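In what follows, a structure is listed as structure tokens, so that the remarks can point back to it.
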Amino acid sequence: MSGPRFRFAPSPTGFFHVGGARTALWNWALAHNQGGTFVLRIEDTDEERNRPEWTQGIIDALAWIGIGADDPRFEGPYYQSHYADAHVAAAKQLFEQGNAYYCDMTAAEVEARNKVEGNQGYQGWSRNLGLGPGPGRVLRFKVPAGSTTVHDLVRGEVVFDNALIEDFVLLRSSGSPMFLLANVVDDLQMRISHVVRAEEHLPNAPKQQMIWQALGHEPPVWAHVPVLVNEARKKLSKRRDKVALEQYRDEGYLPDAMVNYLMTLGWTPKGDSEIAPWSEMERDFRLEDVNHSPAFFDLKKLAAFNGDHIRMLSTEAFFEACKPWLFGPSAPFPRSGFDEGMFLAMAPHIQPRCVTLADAAGVVDFLFVADPVVDEAAWAKTFGAAEAATVLREATAAYEVLPVWNADALKATLETIGEAHGLKLGKAQAPVRVAVTGRTVGPPLFEALEVLGRDETLRRMRAAEATL
RNA sequence: GCCCCCAUCGUCUAGUGGCCUAGGACACCACCCUUUCAAGGUGGCGGCACGGGUUCGAAUCCCGUUGGGGGUGCCA
């Protein structure tokens with residue numbers, strides 16, 4: 001496949017970060033609307049922090065938001081650790097060309113000398129020592145004089161004074177390649193044309209650009225997109241903040257809602273609404289339109305997006321999406337009590353009452369349990385009212401002889417009973433609701449009673465009467 | 001400290017010199033609808049950080065100040 005080549009290069013050091021998800025999504029949209037390719041590369045070279053199990057987590061999380069190998073524009077995953085030889089070969093080339101040199105100072109020695117001399121960073125002390133490779137020696141890049149201009153699609157031209165960039169390490173004393181080098185060599189080898197990543201990498205861009213050039217290539221198109229921040233406006237951190245995409249998935253957020261929300265953090269869909277289908281966002285996304293400031297990851301707005309997307313679901317799709325919570329370990333009713341027809345009949349009333357998919361089971365649980373779970377406070381309050389017991393008794397009697405069991409008839413009957421006692425429907429329905437559902441709040445009552453059926457409804461009403 | 005980035009309602013944003021008395025969305029408040037709770041509808045609250053320029057005209061361009069963020073590893 002021809003066209004521009006984008007890449008997403010996460011390191012498997014934890015759960016999949018929502019910020020990473022947004023960066024991946026933006027790259028994904030670009031690869032599609034520019035007729036290019038999205039390369040996934042797992043950067044598993046951090047010997048300390050890498051854990052293989054996180055890699056599958058990344059792949060699964062990406063698949064959840066629609067990024068995966070079943071799309072022809074997806075390429076990978078590649079594993080950076082498999083290319084160590086190429087990284088070392090590139091390092092050797094840089095050394096032989098005179099773009100890099102060996103240094104025998106340890107980190108502690110560098111720090112100590114800086115302390116004495118009042119400096120910051122490595123001062124190029126071993127530059128002209130002519131050292132060759134050897135144990136305990138790192139290979140450092142020889143940063144040339146002058147300045148480096150990074151052409152960035154969202155930042156514009158950013159100029160860095162090379163004098164302020166230290167001779168950074170390419171190869172550890174162990175001989176293993178570091179991020180700055182490995183990242184460039186892989187990008188080169190994978191013919192990456194566009195590097196779109198978070199702004200925290202902007203200071204790396206001039207260093208990497210120098211490597212690209214020293215290796216004899218034109219640098220890629222850069223784009224450093226704003227980071228996502230928490231309420232304190234600090235970069236989202238795995239320790240402090242709820243950033244794991246997997247967690248949102250497990251809590252009942254719809255992938256479409258998550259994708260839609262993530263896309264709007266720093267960018268707005270065309271048209272009048274920020275609620276937009278992926279197909280449109282994918283088509284319209286452009287780096288030139290990206291906002292330059294950090295964006296706050298707002299749970300409340302995410303919840304609002306999720307509610308909107310849940311309401312947009314067809315009845316069937318909604319049922320399908322709810323299944324993990326209907327039949328999983330958190331379900332408030334036994335699977336044997338569940339009735340698909342009843343759920344489907346109530347679905348249109350459940351959807352507007354859900355912020356997450358996990359909420360659905362709790363809205364209609366009373367239909368599927370043997371006996372309603374009674375909220376004592378609601379019970380006491382409702383039957384503490386003067387006419388409540390009478391209304392319940394009269395409703396039971398009237399419902400026993402109702403010629404047709406449907407919502408309209410159930411409603412009209414209770415309305416009549418309420419009027420006889422000077423009660424509006426809002427008041428009159430309360431005793432019946434509490435008797436049948438155990439709660440004062442829930443989906444529309446008469447529709448629920450219709451679905452529940454005459455026998456079970458009357459059984460619950462009589463049971464409630466008996467306790468009064 | 002040093003380097004770099006950024007700056008429109010509380011938040012996400014629209015806005016690319018006149019269409020801005022600055023528009024939308026979330027949140028919040030009120031009202032309407034209503035069978036409880038939601039959803040929905042209507043309205044309200046609320047912002048161009050500050051100071052200088054440039055211009056007939058600036059949220060938009062320039063400079064400075066202030067504020068925020070990122071980086072400053074033999075992490076990625």
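As the structure is a computational prediction, the values presented were derived from the model and not from experiment. Residue numbering restarts at 1 for every chain, and letters A, B, ... go by the order of the sequence lines.
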Residue His201(A), side-chain atoms from C-beta onward, closest of C37(B), C74(B), A76(B): A76(B)
Quick test: give all pairs of protein nitrogen or oxygen and nucleotides 46-49 of chain B nitrogen or oxygen below 3.5 Å, distance rounded to 0.1 Å.
none

Just distance, no hydrogens or angles: give the donor-acceptor pairs under 3.5 Å from side chains in residues 11-19 of chain A, sequence neighbours left out.
{"unit_1": "His17(A)", "atom_1": "ND1", "unit_2": "Gly19(A)", "atom_2": "N", "d": "2.8"}
{"unit_1": "His17(A)", "atom_1": "NE2", "unit_2": "Leu236(A)", "atom_2": "O", "d": "3.3"}

Provide, to the nearest angstrom, the distance between the CG atom belonging to Leu423(A) and the C1' atom belonging to U35(B). 13 Å
Output the single nucleotide from G40(B), A27(B), U35(B) whose closest atom is nearest the side chain of Ala304(A). A27(B)
Taking the P atom of each, how far is G1(B) from C9(B), in whole Å? 27 Å
Euclidean distance, atom CG of residue Asn230(A) to atom C1' of G70(B) [Å, nearest integer]: 14 Å
May I ask which nucleotide in the shown strands pairs with C28(B), Watson-Crick or G-U wobble, both distances under 3.5 Å? G44(B)
Picking from G40(B), A76(B), G73(B), the nucleotide nearest the side-chain atoms of Thr45(A) would be A76(B)
For Phe305(A), run the ring pair (Phe, Tyr, Trp, His ring centres under 6.0 Å) check against Tyr253(A), Tyr248(A), Tyr261(A) and tell me which one passes. Tyr261(A)
With a 4.0 Å cut-off on heavy atoms, is Arg311(A) in touch with a base, just the backbone sugar-phosphate, or nothing at all? sugar-phosphate
Does G71(B) have OP1 or OP2 sitting under 4.0 Å from an N or O in the side chain of Lys207(A)? no
G52(B) and C5(B): how far apart are their P atoms, nearest whole angstrom? 26 Å
How is Glu43(A) classified with respect to the nucleic acid when contacts are heavy atoms under 4.0 Å: base, sugar-phosphate, or nothing? sugar-phosphate
What is the nucleic acid contact for Ser273(A), judged by heavy atoms within less than 4.0 Å: base, sugar-phosphate only, or nothing? nothing
Interatomic distance at C1', A14(B) relative to C20(B), whole Å: 12 Å
Nearest-Å distance, CZ (Phe179(A)) to C1' (A76(B))? 6 Å
Regarding Lys411(A), tell me which of base, sugar-phosphate or nothing describes its non-hydrogen contacts under 4.0 Å with the strands shown. base
C2(B) -> Watson-Crick or G-U wobble partner, both distances under 3.5 Å, gives G71(B)
Looking at the side chain of Val138(A), which of C74(B), U35(B), A76(B) is the nearest nucleotide? C74(B)
Given salt bridge (Lys or Arg N to Asp or Glu O under 4.0 Å), test Glu274(A) with Lys301(A) step by step and report yes or no. CA-CA 11 Å; Glu274(A) 49 188 0; Lys301(A) 191 145 185 178; 3.1 Å; yes
Rounding to the closest angstrom, what is the interatomic distance between G10(B) and C28(B) at atom C1'? 10 Å
Mind checking if Gly442(A) touches a base, just sugar-phosphate, or nothing, with heavy atoms under 4.0 Å? base
With nearest nucleotides of RNA chain B determined for Leu445(A) and Leu302(A) from heavy-atom distances, which residue corresponds to the more 5′ nucleotide? Leu302(A)
Heavy-atom side-chain contact between Ile165(A) and Asn162(A) under 4.5 Å: yes
In whole Å, what separates the C1' atom of A25(B) from that of U72(B)? 38 Å
Just checking, is any N or O donor in the side chain of Asp44(A) or Ser81(A) under 3.5 Å from an acceptor N or O on the other one? yes
Over all strands shown, is Met105(A) touching base, sugar-phosphate only, or nothing at heavy-atom distances under 4.0 angstrom? base
Quiz question: by atom type and distance under 3.5 Å, do the side chains of Trp222(A) and Gln209(A) form a donor-acceptor pair? yes
Should we say atom NZ of Lys427(A) is surrounded by more than 12 heavy atoms from elsewhere, each under 6.0 Å from it? no
5' precedence on RNA chain B between Thr440(A) and Arg22(A) (nearest-nucleotide basis): Arg22(A)
To the nearest angstrom, the CD1-P distance between Ile165(A) and C2(B) comes to 17 Å
With P as the reference atom in both, quote the distance from C62(B) to C26(B) in angstrom, rounded to an integer. 34 Å
Can you tell me, in whole Å, how much space there is between the C1' of C33(B) and that of U42(B)? 11 Å
Looking at C56(B), which nucleotide sits across from it as a Watson-Crick or G-U wobble partner, both distances under 3.5 angstrom, or is there none? G18(B)
Interatomic distance, His309(A) NE2 vs C26(B) P [rounded to whole Å]: 13 Å
Strictly under 6.0 Å, is that where the ring centroids of Phe168(A) and Phe141(A) end up? yes
Within-4.5 Å side-chain heavy-atom neighbours: Leu458(A) and Arg454(A): yes
Taking every heavy atom of Ala61(A) against every heavy atom of Glu246(A), the minimum-distance pair comes out as CB-OE2, 4.2 Å
Starting from P on A76(B), measure out to NZ on Lys238(A) and report it in whole angstrom. 14 Å
Are Arg353(A) and Asp359(A) close enough for a salt bridge, meaning some N to O gap below 4.0 Å? no
Between Phe95(A) and Tyr101(A), does the ring centroid distance fall short of 6.0 Å? no
Lys238(A) atom NZ: more than 12 heavy-atom contacts under 6.0 Å: yes
For Phe446(A), answer base if it contacts any base atom (sugar-phosphate contacts may also be present), sugar-phosphate if it contacts only those atoms, and nothing otherwise; contact means non-hydrogen atoms under 4.0 Å. base
Are OP1 or OP2 of C37(B) and a side-chain N or O of Arg433(A) less than 4.0 angstrom apart? no
Could you check how far CG of Asn114(A) sits from P of G1(B), rounded to whole Å? 18 Å
Sequence-aligned protein contact record of nucleotides 3-12 of chain B, with B where the base is within under 4.0 Å of a protein heavy atom and S where only the sugar-phosphate is: SSSSS---SB
Side-chain N or O of Arg41(A) closer than 4.0 Å to phosphate OP1/OP2 of A76(B): no
Give none if C33(B) has no partner; otherwise give the nucleotide forming a Watson-Crick or G-U wobble pair with it, both distances under 3.5 Å. none
Touch check for Glu447(A), heavy atoms < 4.0 angstrom, all strands: base, sugar-phosphate only, or nothing? base
Pairwise C1' distance, G23(B) and U8(B) [rounded to whole Å]: 11 Å
Separation of G69(B) P from Glu200(A) CD (nearest whole Å): 15 Å
Would you indicate what Pro443(A) reaches in the nucleic acid, counting non-hydrogen atoms under 4.0 angstrom: base, sugar-phosphate, or nothing? base
